[in-house]
Undergrad: 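Structure below; questions to follow.
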Amino acid sequence: AFSRLPTVGSGGERLYVNQLSQAELDELASKRPTLTYGQVKRAPPSGFIPVHVAFDKKILKFDAYFQEDVPLSAEEHYRIRQVCIYYYLEDDSMYVIEPVVQNSGIPQGKHIRRHRVPKNDRGEHYHWKDLNRGINITMYGRTYRIVDCDRFTQEFLESQGIEVNPPEKMAFDPYTELRQMPVRKYITPSDFDQLKQFLTYDKQVLRFYAMWDDTNSIFGENRPYVIHYYLADDTVEVREVHKQNDGRDPFPVLIRRQRIPKTFVDKQKTFPTCVMEISDQEVLEWYTAKDFAVGKSTNLLGRDFFIYDCDEFTRNFYRDKFGITDFQPVEIKKKPPEEVQQIIPPYNGFGILEDTLQNCFSLFPKPPRKDVIKMLENDNKVLRYQVALESPNPEDRKRRFILSYFLSNDMISIYEPPVRNSGIIGGKYLRKTRVAKPGSTTENAKYYGPSDLTIGSTIEVFGHRFVITDADEYVLNYMESNAGSFPASAQKSVVVRLPEVAFALSPVLLCFYSDIPKLGTSKQEPDELTVHVQEELKPHKHLNNKNIQEAFLQCDKDGSGVLDKAKFLSLCDSLSVPTNTTLLNKKRLYIMIETRHRLLQSYCLS
């Protein structure tokens, strides 16, 4: 069902717009089968193929040539040059190229690059319809004669209704044909047949092992080589023998394969022979196989090669050809290098002597080796001495220093304790370093050791002389525990150089140290004195020995080891120490340390 169109408008007038015309009615009458059965199916139209796809990789090839004038030549007046013309159907472009002829001496290759070549001045371009065999075409002022084309080009032109002309013969260059003709030579044949020599001795080579002695020149040496003699053409080749890690560039050949002259013509030569091409006119005799022998020297281009051996084929050849049977190889002995005495320069003052010595042994010096075991065993072990500066200046004589000797690395450091109002800034006087003895050299360096540091001895430190005046109790203990490493003079110096300390002792103080084995005095026997002291102190075992010791040391401010009788009595009263008047009336008591260094620690005499 569908809505009917109105046939009558407002007012009852008939509408002709909505009615079908006669033509439309006739069309409907003819389309009655179409309306009933539908539209008739038609064949689909053929697909459109662009020109650049249809003619892709389709090229027309023509063989042509052009004539070129040669004005400045007596041998030729013109030149024929053959070219190939390519026509690309996909974009109507052309390309002209000349095949390269070897040794022609003419720049050849591309003549016209690929593009649409103009045909005339009216803006027209060459088309494939303008190309055919047997015609002339002009491109950029040069006329080309087309003589032939390939099979694809002929079939394409014929398929397009073009009558193809018959092919023509390609024109050739007369000068090129003249060069290809063999040149007639008028040479008298020699008696020696080189062809026979080549055919007989081809691939037969004599091998000799030689040595070049170049030791007379700077950085020269004996260098091995292999000499090859080619029997086919009497040429000689010298090859180098390379070894692993020999440090030389891998050049295989020293002298290339060539004929080597043996004797030259005696003429004055004004041209350098190193760049002169040697010919038979300059040479009287060339090297041959009979000039090489084992055990003889051969001069090849200025170098003397000593032949010391050869291979088995060479021995058989000389045995059959020349009857030589002596092929004993020569043993090559290398010349021992001259021993150059190494001169050690004097010490330059920088670093220690070992550092200066390492600079003489290597370009990149290495630090001297350290005794690790010694460093571990003697770690943090330091011997301290009190030293005085030996100087003509009176102010420097009063200066006191502390010399520290480090047992781990044998280094010495010097420190000056600051003294107020002395006018001298104390502190570090010498940093840790090894101090060499006077007269030490770089080759034979001698350093100060513990055995050299004795009380009363003088040491020289970089031009300054110091006198050892005292040592701490660790030095005494170390010398006692390591008595074998110290000479007897060093042990005796400690006893002799210690100042004599005189104390007005009470029996109480001697009783504190009843374990003293022996005391030497000048006016009383030690056994009797010890017995008296022990008897006095038997009822007073509550006394503090440490406090009494510190009190006596504080009273001895000048460190002389002597106390007045009045001060001694007052000190004993303050400490509640009993005194015996009979023993105190004696004038003085001299205590000498004889054998045991622990006595110094017991009395705190430092």
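These numbers come from a predicted model, not from an experiment.
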Undergrad: Between V253 and E237, is there a side-chain heavy-atom distance shorter than 4.5 Å?
TA: yes
Undergrad: Measure the spacing between OH of Y448 and CD1 of I412 and express it to the nearest 0.5 Å.
TA: 8.0 Å
Undergrad: How about E416 and I414: do any of their side-chain heavy atoms sit closer than 4.5 Å?
TA: no
Undergrad: Identify the two heavy atoms, one from C310 and one from F327, that lie closest to each other, and give their separation to 0.1 Å.
TA: SG-CD2, 4.3 Å
Undergrad: Of all heavy-atom pairs between W212 and D304, which one has the smallest distance, and what is that distance?
TA: CD1-O, 3.4 Å
Undergrad: Do you know the tightest heavy-atom contact between L453 and I468?
TA: CA-CD1, 3.7 Å
Undergrad: Show me the donor-acceptor pairs within less than 3.5 Å that the side chains of residues 357-368 make with the rest of the protein, sequence neighbours left out.
TA:
residue	atom	partner	partner atom	Å
N359	ND2	D355	O	3.3
S362	OG	F364	N	3.2
S362	OG	F364	O	3.1

Undergrad: Mind checking whether V238 and L300 have side chains closer than 4.5 Å, heavy atoms only?
TA: yes
Undergrad: State, yes or no, whether a side-chain contact exists between S457 and D452 at a heavy-atom distance under 4.5 Å.
TA: no
Undergrad: Among residues two or more places apart or on two chains, list those pairs meeting salt bridge (charged side-chain N to carboxylate O under 4.0 Å, His left out) that have a residue in residues 240-253.
TA: E221-R248, R223-E240
Undergrad: Step by step, would you call R259 with Y287 a side-chain contact (heavy atoms from CB on, under 4.5 Å)?
TA: CA-CA 7 Å; R259 295 182 67 190; Y287 271 103; over 6 Å; no
Undergrad: Kindly indicate whether the side chain of V236, heavy atoms from C-beta on, has any atom under 4.5 Å from the side chain of I255.
TA: no
Undergrad: Below 4.5 Å, heavy atoms only, C-beta onward: do Y308 and V294 meet side chain to side chain?
TA: no
Undergrad: Could you grab the distance from atom CG of N482 to atom OG of S451, nearest 0.5 Å is fine?
TA: 12.0 Å
Undergrad: In terms of relative ring orientation, are F208 and Y318 parallel, tilted or perpendicular, with 30° and 60° separating the classes?
TA: perpendicular
Undergrad: Check R315 with E312, please: is the shortest side-chain N to carboxylate O separation under 4.0 Å?
TA: yes
Undergrad: Could you walk me through whether Y447 and M411 pass the side-chain contact (heavy atoms from CB on, under 4.5 Å) check?
TA: CA-CA 9 Å; Y447 297 95; M411 288 190 177; over 6 Å; no
Undergrad: Calculate, to the nearest 0.5 Å, the distance between atoms CG and CD1 belonging to N444 and I344 respectively.
TA: 12.5 Å
Undergrad: Answer yes or no: is there a side-chain heavy-atom contact under 4.5 Å between I227 and F292?
TA: yes
Undergrad: Apply side-chain contact (heavy atoms from CB on, under 4.5 Å) to D396 and list each qualifying residue two or more places apart in sequence or on a separate chain.
TA: L389, S391, N393, R399
Undergrad: Between R257 and D233 (salt bridge meaning N to carboxylate O under 4.0 Å), is one present in this structure?
TA: yes
Undergrad: Measuring from Y209:OH to I307:CD1, what's the distance to the nearest 0.5 Å?
TA: 12.5 Å
Undergrad: Taking only residues two or more places apart in sequence, or in another chain, which ones meet D213 in a salt bridge (Lys or Arg N to Asp or Glu O under 4.0 Å)?
TA: K335
Undergrad: Would you call F406 and M375 a side-chain contact if the rule is heavy atoms closer than 4.5 Å?
TA: no
Undergrad: Of all the heavy-atom pairs spanning F306 and S297, show the shortest one and how long it is.
TA: CD1-OG, 3.5 Å
Undergrad: Could you please spell out the steps behind the side-chain contact (heavy atoms from CB on, under 4.5 Å) verdict for Y478 and L383?
TA: CA-CA 8 Å; Y478 183 79; L383 305 181; 4.0 Å; yes
Undergrad: Output yes when a side-chain donor or acceptor of T314 lies under 3.5 Å from a complementary backbone atom of R207, and no otherwise.
TA: yes
Undergrad: Going through the distances and angles, do Y415 and L403 end up as a side-chain contact (heavy atoms from CB on, under 4.5 Å)?
TA: CA-CA 7 Å; Y415 175 79; L403 185 146; over 6 Å; no
Undergrad: To the closest 0.5 Å, what do you measure between OH (Y225) and CE (M211)?
TA: 10.0 Å
Undergrad: Would you find a donor on one side and an acceptor on the other, under 3.5 Å apart, between the side chain of D291 and the backbone of T288?
TA: yes
Undergrad: So how far is it from L430 CG to F462 CZ, rounded to the nearest 0.5 Å?
TA: 6.0 Å
Undergrad: With sequence neighbours excluded, give me every ring-ring contact (aromatic ring centres under 6.0 Å, His included) pair touching residues 424-445.
TA: F401-Y429, Y429-F466
Undergrad: Return yes if some donor-acceptor pair links the side-chain N/O of H228 with the main-chain N/O of T235 below 3.5 Å, else return no.
TA: no
Undergrad: Sort and list the pairs that fulfil side-chain hydrogen bond (donor to acceptor under 3.5 Å, both in side chains) and have at least one residue in residues 378-388, not counting sequence neighbours.
TA: none
